[in-house]
**Student:** 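One structure, pasted below without further comment.
Within every chain, numbering begins at 1; the chains are lettered A, B, ... in the order of the sequence lines, protein sequences first and strands thereafter. All figures in this text were calculated on a predicted structure; none of them were measured in a lab.
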Amino acid sequence: MRIATWNVNSLRSRIARVEAFLERHDVDVLALQETKAREEQVPMMGLESMGYEVAYAGTNQWNGVAVLSRVGLADVEVGFPGQPGWGDPAESEARAVGATCGGVRVWSLYVPNGRKVDDPHYHYKLDWLGRLREAAQEWRTTPTALVGDWNIAPTDEDVFDPKQFATSTHVTPRERAAFQAFLDDGYVDVVRPHAPGPEVYTYWDYYRQRYERNRGLRIDFVLGSAPFAERVTGAFIDREERAGQGASDHAPVVVDLD
DNA sequence: ATGGTCGCCGAGCGA
């Protein structure tokens, strides 16, 4: 089974690229972030006719998450207990949708950006991650993948120019500690062994030709529980998907299970 | 330190 995650930065504007990506890599399950669409807009995009069921949460604003699956999709859950937006598919703060696909629990996550250090949104980000961690501790004994845009670069190796980010979000000790807490709980970054750094990124800003100069960040991750991680046979970042006109600012990340 | 580019909609705002 092949699972992927991708911050598409608008599903409607990217739908042709999404379809091409699903076919190119024969993807079974795709977690999407920043879909920027309302749930009622999803059926118009033709994903069902390609054989994918869709679990969706979000609005047409700046977030929105989805799980596409062609290997079955069950037990859909919007958000997690204790989180704003829990249970409401049209809630812009949902930021998480979980579904069981082919026996694996896949959570598509769009971790809050944080905006600026010490901004209320920064503290909300840390709180949100703390609540996710509590929920995720309950899922550790089952095949579970926490996938998506974490908006955290866990190490300096994951930042094209750490000096430039010295006063920015995504790299602060508190954010990195929040990420590390999932690893401490037994979740594993299953992609890094197959795509080691340095200078291996998943996101490049649109301006200043950041992609062409490979000045990016690694902020999109697949964290697997032990029962998930032990089934991983390979992984890669589809860096080429970021190239050319009409690309998202994030590249997809792909993981293979036995 | 600022500005650069996208996508939401049809002005700014968020990333």
**Student:** Look at the rings of A:W107 and A:W139 and say which category their plane angle falls in: under 30° parallel, 30 to 60° tilted, over 60° perpendicular.
**Tutor:**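 Rings of A:W107 and A:W139: parallel, as their planes differ by under 30°.
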**Student:** Does the distance from a Lys or Arg side-chain N to an Asp or Glu carboxylate O, for A:D156 and A:R176, drop under 4.0 Å?
**Tutor:**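 Result for this pair is yes, salt bridge flagged.
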**Student:** When the P atoms of B:dT2 and B:dC6 are compared, how many Å lie between them, rounded to an integer?
**Tutor:**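 Pairwise P distance, B:dC6 against B:dT2, rounds to 23 Å.
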**Student:** To the nearest Å, how far apart are A:E212 CD and B:dT5 P?
**Tutor:**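 That distance rounds to 12 Å.
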**Student:** Roughly how many Å apart are B:dA15 and B:dG4, using the C1' atom of each and rounding to a whole number?
**Tutor:**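 Nearest-Å result for B:dG4 against B:dA15 at atom C1': 13 Å.
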**Student:** Atom NZ of A:K163 to atom P of B:dA1: distance rounded to whole Å?
**Tutor:**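 It works out to 16 Å between those atoms.
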**Student:** Do any pairs count as a ring-ring contact (aromatic ring centres under 6.0 Å, His included) and have a residue in residues 235-258 of chain A, sequence neighbours left out, and if so which ones?
**Tutor:**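 For residues 235-258 of chain A: A:H25-A:F236, A:Y203-A:H250.
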**Student:** Salt bridge or not for A:R105 and A:E77, using N-O below 4.0 Å?
**Tutor:**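 Here A:R105 pairs with A:E77 in a salt bridge, since their nearest N and O are under 4.0 Å apart.
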**Student:** When the C1' atoms of B:dG3 and B:dC9 are considered, how many whole Å apart are they?
**Tutor:**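 To the nearest whole Å, 23 Å.
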**Student:** Let me have a per-nucleotide readout for nucleotides 7-15 of chain B, 5' to 3', with B, S or -, counting only protein heavy atoms under 4.0 Å.
**Tutor:** SSS----SS
**Student:** What pair of heavy atoms forms the shortest contact from A:Y110 to A:D149, and how long is it?
**Tutor:**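 Shortest heavy-atom separation between A:Y110 and A:D149 comes out as CE1-OD2, 3.4 Å.
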**Student:** If every non-hydrogen atom of A:I237 is compared with every non-hydrogen atom of A:Y201, which pair is closest and at what distance?
**Tutor:**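 Heavy atoms of A:I237 and A:Y201 come nearest at CG2-O, 3.7 Å.
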